[in-house]
Amino acid sequence: MVAPEAVLEWGAPAMNFKTIIEPFRIKSVEAVKFTTREDREAALTQAGYNVFRLRAEDVLIDLLTDSGTGAMSAAQWSAIMQADESYAGSRSFYRFEAVVRDLTGFTHIIPTHQGRAAERILFHTVLKAGDVVPNNNHFDTTRANVEVEQAEALDLVIPEGRVPHLIHPFKGNVNLDALERLLAEQGNRVPLVMVTVTNNSGGGQPVSMENLRGVRAICDRYRKPFFLDACRFAENAWFVKQREAGYADRTPKSIAQEMFSLADGCTMSAKKDGLANIGGFLAMNSDAWADSARTLLILTEGFPTYGGLAGYDLEAVARGLEEVVEESYLRYRIRSTEYLGDKLIAAGVPIIRPTGGHAIYLDARALLPHVPPLQYPGIAVANELYIEAGIRGVEIGTVMFGLHPDGTETPSAMDLVRLAIPRRVYTQSHIDYVAEAVISVAQSRERLRGYRIVSPPRTLRHFTAIFEPLA
Ligand code: F0G
């Protein structure tokens, strides 16, 4: 096992120059494939005009997701080689558990193969039909895992969080009045309260510590457990450090620890701020809930000391959770996303502002006012970006969220195209290319047309739907 103290810190502290550089150098590279416009048109037609159905090798710059797509460090790879693959009681589990406990303070640490497995186990354990789960915004799988239990996933983000161009330092905040009202009026239907940090569906926007304390106080008043969807906890901690009074001198790790200390548990996808290609966990203080969760875990994921992961995955996550809170990493990470945002804003491209942590969100509804939401402006923009430049983003809008469990379809709050930036993967010149391509697509906006769905799957339709361009 690689002792943390034997590993060099990421990058150097701020030097005397203002250019923020990648706090690493590159030891191993992977070639990307250049294609022609004709190749891409053929590939997209073949894929039913759904970029999820493309072969990844036909994509030049893949901004589909920041999940599981990051580059691991040499320290993570070396920890992988040292892993213990024992079925029960593996050394790698205890290392993983120690790191997660040090960070979160929770009593029970339950590994899962990714975030949605933690969600499924938690929700199947605690929800019954007719329940309501409030959140700032549920992400797609979180919402689906609530709805599959015949419960309602209720989004209570502050009103500012639904207006793309509006500047607010913590657009991921929960509307505390609405949460209080829900608990006062229908508290018996709410088994737990969730908050997603950062708020992915709302633009990778942070939640302030003050807001989290407000949620905690309301949960205390109504005796409700409070869980974080913690996928991007480190990015949230960095925004708190930058934007919230009283946190400037704190380390990201201590801010993260304070954040977790306000909650009773969390679900986590280690594919994001775990800096790993796979992995996650469910953590909590409740003995009773943990007991039921572990029983379900054994049934579907694996023994509680590996939970669907290899010992080497547990090592990669443990090391990743230590690296992700390094200041030099977070400074570079958030700045490099903002760098792309700044270029697009300067060119007049409508995006969610301020720039979020892990992604740029193009406001497809504002970009294509001539394409109504039910003709999916987000799909039109995402597809054009692929055809034009080989870049893959993802629609976060009416296709992803517009279909309801009763089969009706309505426009979602926003129609966005997310360009998620994998961690430690692309360089500044890749990002310059992305900016140039997006600006070019924005300039040809009038040409773009909407789509219709020809094969609508019932749940999570965005993953597999087949589209047809409208004339
Ligand atoms: N919660 C949030 C806020 C997420 O963004 C995701 C995944 C999950 C839960 C589920 O985690 O993928 O490990 O099962 N988001 C990815 C994305 C897929 O592209 O944003 P998972």
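Computed over heavy atoms, backbone and side chain alike; hydrogens, waters and symmetry mates excluded. By convention here, the first residue in the shown sequence is residue 1. We count ligands from 1, going down the list as the structure has it; atoms in each ligand are counted the same way.
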Output yes when a side-chain donor or acceptor of [X] lies under 3.5 Å from a complementary backbone atom of [Y], and no otherwise.
X: Arg232; Y: Gly204; value: no
X: Ser412; Y: Thr398; value: yes
X: Asp342; Y: Tyr339; value: no

Practice prompt. Answer yes if the ring centres of Phe463 and Phe52 are under 6.0 angstrom apart, and no otherwise.
Written response: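 Yes, close enough.
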Fill in: Spacing of Leu296 atom CG and Asp291 atom CG [to the nearest 0.5 Å]
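Going from CG on Leu296 over to CG on Asp291, the span is 12.0 Å.
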Taking a 3.5 Å cut-off between nitrogen or oxygen atoms, can you list every pair linking ligand 1 to the protein, with distances?
from     : atom 1 : to     : atom 2 : distance (Å)
ligand 1 : 1 (N)  : Asp229 : OD1    : 3.3
ligand 1 : 1 (N)  : Asp229 : OD2    : 2.7
ligand 1 : 5 (O)  : Asn200 : ND2    : 2.7
ligand 1 : 5 (O)  : Arg232 : NH1    : 3.0
ligand 1 : 11 (O) : Lys272 : NZ     : 3.2
ligand 1 : 12 (O) : Gln114 : NE2    : 3.3
ligand 1 : 12 (O) : Arg116 : NH2    : 2.9
ligand 1 : 12 (O) : Lys272 : NZ     : 3.2
ligand 1 : 13 (O) : Gly115 : N      : 2.8
ligand 1 : 13 (O) : Ser269 : OG     : 2.6
ligand 1 : 14 (O) : Gln114 : NE2    : 2.8
ligand 1 : 14 (O) : Gly115 : N      : 3.3
ligand 1 : 14 (O) : Arg116 : N      : 2.7
ligand 1 : 14 (O) : Arg116 : NE     : 2.7
ligand 1 : 15 (N) : Lys272 : NZ     : 3.0
ligand 1 : 19 (O) : Thr65  : OG1    : 2.7
ligand 1 : 19 (O) : Arg418 : NH2    : 2.7
ligand 1 : 20 (O) : Asn200 : ND2    : 2.8
ligand 1 : 20 (O) : Arg232 : NH2    : 3.2
ligand 1 : 20 (O) : Arg418 : NH1    : 2.7
ligand 1 : 20 (O) : Arg418 : NH2    : 3.4

Worksheet item: Once the angle between the rings of Phe96 and Phe93 is folded into 0 to 90°, is it parallel (under 30°), tilted (30 to 60°) or perpendicular (over 60°)?
Response: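 Ring orientation, 0 to 90° scale: tilted.
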